[in-house]
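As the structure is a prediction and not an experimental result, all values here were calculated from the model. These numbers come from the heavy atoms of this one structure, side chains and all, not from hydrogens, waters or symmetry mates. Residue numbers start from 1 in every chain, and the chains themselves are labelled A, B, ... in the order their sequence lines are given, proteins ahead of strands.
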Amino acid sequence: MEYNSKNIEKNWQEYWEANKSFEPSEDFTKDKKYILSMFPFPSGRLHMGHVRNYTLSDAFARYYRQQNFNVLHPIGFDSFGMPAENAAIKNNADPKEWTYDNIDYMKKEFKTLGFSFSKERELATSDELYTKFEQGFIIDMFEKGLLYREKGLLNWCPTCQTVLANEQVIESCCWRCDTQVVKKDMNQYYFKITNYADELLDDMKKLEGGWPKQVLTMQENWIGKSNGLEFDLYLDDESKAKLGNNFEKFDVFTTRPDTIYGVSYTALAPEHDIVTYMIDNSLLDADTIAKIKEMKNSSSIDRQKEKSGVSLGINVIHPLTKKLIPVWIANFVLMDYGSGAVMAVPAHDDRDYDFAKKYDLPINAVIKPKDGELNLEKEAFTDRGILFNSGEFDGLDSKKSQYNIIKYFEENNIGRKTTNYKLKDWGVSRQRYWGAPIPFIHCDDCGIVMEKKENLPIALPSDVEINGEGSPLENHPTFKKCKCPRCGKDATRETDTMDTFVESSWYFLRFCASKANWEDEAFSKEQISYWMGNGGVDHYIGGIEHAILHLLYARFFTKVFRDLGYLDFDEPFGRLLTQGMVLKDGAKMSKSKGNTVDPDELIEKYGADTARLFILFAAPPTQELEWNDSGVEGSYKFIKRFFDRSSNAKKCDAKPSIEHSSLSKEEKFARRKVYDALVRANDVYNERYTFNTMIAGVMEAMNALNAQKNEDVWSEGYWILTSIMEPVIPHVCWEISKEKFELKNLTKQKVLEEVFVEDSITLGVSINGKARTEIEVAPDAQKDEIIAMAKDAGAKWLEGKTIVKEIVVPKKLVNLVVKG
RNA sequence: GCGACCGUGGUGGAACGGUAGACACGCUACCUUGAGGGGGUAGUGCCUUAGUGGUGUGAGAGUUCAAAUCUCUCCGGUCGCACCA
């Protein structure tokens, strides 16, 4: 029979669907595996990155099913978001229709790829049912004080006409459309993620080993915890008077309290309250005000180019020396970190140094190197050293003195130990249509009032006008109109919708619900503790681009849900596998570059099995995958050979038993290669994830099988190899398995130790670590015997030398160390 | 600037301190089939005076009986963060 990928694949896809082959069991006494790939946005068609992602998760899911685990391998669509609205504007389409049409198409693609997803748990986050549960959680979070509304300076993308979270601003441009982000003062809802900063940081210890180091480091940097001293700088009387006695002090934060005696000026952010007051009350000359305005308006990139500032003509009193210190504005001081004011120590900080040099401010050294001379001619000395010119702290090590100085400040009640974070609260409201409405109501009398849970979901109206100008919900004639749930008076519904990252922060929990309670609740506690027990999602697979945003938010939601009593663990994803990008001609596949390969065309030409095999064989999952058309061809040929040669196996409903000792050398070798492949496969699925080496092992076994003719060895070989390969190339393996083995071999395979027992072993012989020759020894040969043989075989290189050391590495090699 | 990862044939990549280059792609020669394509056999790091030879994992040093692998310095690349006080 000829290998015909189309018929084979179609038949099995129908079979799996008809038999509901991939639905998880509700028997919670079985051991479980929760295999999850990051769900897609329904952009319209799958790209190769998706195919790689789901091929990986499918391999895990199918493997663990064979190992008799209860496997949950669900899929859904992250279906809210801007592209649906953009399509609406561009093509005058309905965002909902656009979205659900795309979903239908992509589901068909999933089917043609043979992915073993649970069909019963499919969802789209734009489903009203999903919105209903999500809005319920939002209300709970508001009640707990984890969601609040506040006016503030926000990142606004003029193109997308919406607010962006800090995490969505990349080099001060919009993460999606690359437009320069501007600051806008407006009301916005925030999640109190900063409450969890410490826990998000500390719990990363639990993820070590399971998550890539890189991702952990990125999150750690993002949270950006730093410990230090916070203290107040008091204005002198003259300065107070100048400011109309409206200000008495401002506070500063430093991680280098050891440099406190070196403070020679202080600097405020251009947006600082004191600066605003001085501008408003004409306390600065026009020239200065113009400079400040320029600083405020320049982008953060421009701000980095060169340090600049102006003196404010006011002074503060040094907390220890009581000397007067001038107050400046500096463009490098950020309003949104610490208190927007810094103490400046030019001698021991690079930025302060540059600034002081530019404006000719004093540079007071207070730390000297432990050895060598202090030289401040060209740059600041920022290393650890010994304190001097520092009063009672003179002579102390700079690191150790930090403790003493903080203690001194605390004892004298002039400052305190503080921790600062780069992490900001997560701004979640968006001024867009295609998102989950925030279920709140504005009442003139009651303020912000939550919708009653029985009224959820607050669904999106369908009759909206989307033209890219303003918020469609804001402009909608009736959506806004409602009654206050508390007092019953006329009130206004919130028209902001939620950031789509809210949906993806809990979808993995939703998948734990089954058909039985799907409509009634988001999930049950029992379901959650079963599927998420023992370390959460067992294998979470997706792109590294989510290292911060999605993965941090999902960790945050998990901790919040725990504190709301919905679950009782701390971390959602025990093991994370971040796949590399798919490249062609050295660049990421993209439509604009014209270097894409369309999965549908590939399947049409070669079949899904070929696509899956190539993707897993071409590179280890974490590395970039360079697309190679002749490599695809090679994968196709392998499958064809694999199928053709299955005719050498006989029909049987159990693995044939074989008398190993009666076999020829080639037959024994073939068996050993088959079991080698099995051992390697188990190792790959459980530890290493290097599917390329597993497939190579199977190819080696195939080559060895082909060098002998024993039908039982062929049959046993196919019994095992189709089991190993089923997670990779499922269609052809089910076909062979049905044809030859009544589908009975797609199960856990036992490793037979007998095939590894060999008649003789080849050992390498090295002399002084250099490989020279080989010897054949009996498996049970003693060390003395082996060394004697090695000396004999290596006589040529040993002539006239003295052996000073003899090393035997069992089953590997002999190394003789010689002198002379 | 800081941090993480990486550097092995013509290419993708193997080698979990123990005979570097598994497995594939590509290429060469031959056989088969005889449009094309397919299948098979052999060869394929480099240098070679062709030896049972030399050399070789970005460069250099170190640890070790033994280093692509561990340590240090440097060079190069990828990604992330970036005036975070």
Can you see if the side chain of [X] gets near the phosphate of [N] - specifically, an N or O under 4.0 Å from OP1 or OP2?
X	N	result
A/N815	B/U19	no
A/Q623	B/G13	yes
A/R351	B/A82	no
A/K770	B/A66	no
A/R772	B/G54	yes
A/T693	B/A22	no
A/K812	B/G18	no
A/N692	B/A24	no

Margin query: If the glycosidic angle sits within 90 degrees of zero it is syn, else anti. Tell me which applies to B/G54.
Written below: anti
Margin query: Please classify the glycosidic conformation of B/G9 as syn (within 90° of 0) or anti (everything else).
Written below: syn
Checklist line | Centroid separation A/F638 to A/F617 less than 6.0 Å | finding: no
Next item on the list: For this output row, return yes or no: ring centroids of A/F691 and A/Y685 closer than 6.0 angstrom.
Entry: yes
Item checked: Nucleotide forming a Watson-Crick or wobble pair with B/G26, both distances under 3.5 Å -> B/U44
Checklist line | Any-strand Watson-Crick or G-U partner of B/U71, both distances under 3.5 Å | finding: B/A61
Item checked: Listed nucleotide nearest any side-chain atom of A/K213, set B/A82, B/C16, B/A4 -> B/A4
Note to self: The side chain of A/V342 is closest to which nucleotide in this list: B/A85, B/C81, B/G53?
What the structure shows: B/A85
Without decimals, in angstroms, what is the distance between [X] [atom1] and [N] [atom2]?
X	N	atom1	atom2	answer
A/K605	B/G37	NZ	P	14 Å
A/E700	B/A15	CD	C1'	12 Å
A/H546	B/C79	NE2	P	18 Å
A/L813	B/A20	CG	C1'	13 Å
A/N682	B/C16	CG	P	17 Å
A/E230	B/A85	CD	P	14 Å
A/I807	B/A66	CD1	C1'	7 Å
A/F614	B/G13	CZ	C1'	12 Å

On a whole-Å scale, what distance lies between the [atom1] atoms belonging to [N] and [M]?
N	M	atom1	result
B/C46	B/G80	C1'	38 Å
B/A15	B/U57	C1'	11 Å
B/U41	B/C47	P	28 Å
B/G56	B/A67	P	12 Å
B/G76	B/A66	P	32 Å
B/C30	B/G21	C1'	26 Å
B/A14	B/C79	C1'	25 Å
B/G43	B/C72	C1'	42 Å

Notebook entry, point to check: Looking at A/F355, does the NZ or CZ of A/K307 lie under 6.0 angstrom from its six-membered ring centre and within 45 degrees of the ring axis?
Noted result: no
Is any NZ, NE, NH1 or NH2 atom of the basic residue among [X] and [Y] found under 4.0 Å from an Asp or Glu carboxylate oxygen of the other?
X	Y	answer
A/E208	A/K213	no
A/D198	A/K225	yes
A/E306	A/K358	yes

Margin query: Once hydrogens and angles are ignored, does a donor-acceptor distance under 3.5 Å link the base of B/C25 to the side chain of A/D629?
Written below: no
Next item on the list: Return yes if the base of B/C81 and the side-chain atoms of A/N221 contain a donor-acceptor N/O pair under 3.5 Å, otherwise no.
Entry: no
Check: For A/E774, which contact category applies under a 4.0 Å heavy-atom criterion: base, sugar-phosphate, or nothing?
Finding: base
Note to self: Using the rule side-chain contact (heavy atoms from CB on, under 4.5 Å), only one of A/T610, A/L613, A/L616, A/T722 pairs with A/I729; which is it?
What the structure shows: A/L613
Notebook entry, point to check: Closer to the 5' end of RNA chain B via nearest nucleotide, is it A/Y421 or A/N703?
Noted result: A/N703
